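Right, one structure below, let's go through it.
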Amino acid sequence: MATVAATDATFDAEVRNSDIPVMVDFWAEWCGPCKQIGPALEELSAEYEGKVKIVKVNIDENPNAAAAVGVRSIPALFMFKDGEVVSNKVGAAPKSAFDGWIKETI
């Protein structure tokens with residue numbers, strides 16, 4: 001499964017109401033580090049299919065979702081479990097770091 005794009009309108013349905021943990025990547029087209037981690041998140045999305053959903057939110061097009069969780073810089077990644085933020089990270093990292101974060105969080 002590929003990552004899922006969420007909007008301000010679909011954020012609650014895709015993230016807060018999910019039956020499985022959700023990693024949300026807040027990003028923008030102009031953000032180099034955001035583009036850098038994109039392929040790793042796509043791979044992790046396939047590897048964790050059915051266990052963790054990875055959702056991407058473009059902050060330029062969807063500022064309300066980002067503001068609701070207090071995003072101040074990007075890339076910003078938030079882990080949601082049962083509709084609540086349980087962990088977050090800011091900045092680019094290698095795939096192995098995101099994989100380890102998922103494993104320790106879920």
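Here, residue 1 is the first one in the sequence, and each next residue gets the next number. Given the structure is predicted, the values throughout are model-derived calculations rather than measurements.
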Please tell me if the side chains of [X] and [Y] come closer than 4.5 Å, counting only heavy atoms from C-beta onward.
{"X": "M79", "Y": "K89", "answer": "no"}
{"X": "K103", "Y": "F98", "answer": "no"}
{"X": "V52", "Y": "I106", "answer": "yes"}
{"X": "I74", "Y": "I59", "answer": "yes"}
{"X": "V86", "Y": "T105", "answer": "yes"}

Inset, instruction - For the pair S18 (side chain) and V15 (backbone), establish whether a donor and an acceptor sit closer than 3.5 Å, ignoring hydrogens and angles. - result: no
Inset, instruction - Kindly say whether A28 contributes a backbone atom to a donor-acceptor pair with the side chain of D60 at under 3.5 angstrom? - result: no
Please find the pair of heavy atoms, one from [X] and one from [Y], that lie closest to each other, and give the distance.
{"X": "S45", "Y": "T3", "result": "OG-N, 3.5 Å"}
{"X": "A76", "Y": "V71", "result": "CB-CG1, 4.0 Å"}
{"X": "D25", "Y": "P75", "result": "OD1-CB, 4.0 Å"}
{"X": "I20", "Y": "K53", "result": "CD1-N, 3.7 Å"}
{"X": "A65", "Y": "D8", "result": "N-OD1, 2.8 Å"}
{"X": "S73", "Y": "V90", "result": "OG-CG1, 3.2 Å"}

Is there a continuous path of hydrophobic side-chain contacts, each under 4.5 Å between heavy atoms, that joins [X] to [Y]?
{"X": "W30", "Y": "V57", "value": "yes"}
{"X": "L77", "Y": "I54", "value": "yes"}
{"X": "V69", "Y": "V4", "value": "yes"}

[atom1]-[atom2] distance between [X] and [Y], expressed to the nearest 0.5 angstrom:
{"X": "L44", "Y": "I102", "atom1": "CG", "atom2": "CD1", "answer": "4.5 Å"}
{"X": "F11", "Y": "F80", "atom1": "CZ", "atom2": "CZ", "answer": "4.0 Å"}
{"X": "F78", "Y": "E84", "atom1": "CZ", "atom2": "CD", "answer": "13.0 Å"}
{"X": "D99", "Y": "E104", "atom1": "CG", "atom2": "CD", "answer": "10.5 Å"}
{"X": "L41", "Y": "M23", "atom1": "CG", "atom2": "CE", "answer": "6.0 Å"}
{"X": "N58", "Y": "F26", "atom1": "CG", "atom2": "CZ", "answer": "11.0 Å"}

Inset, instruction - Using the ring of W27 (Phe, Tyr or Trp, six-membered ring only), decide whether K56 places NZ or CZ under 6.0 Å from its centre and within 45 degrees of its axis. - result: yes
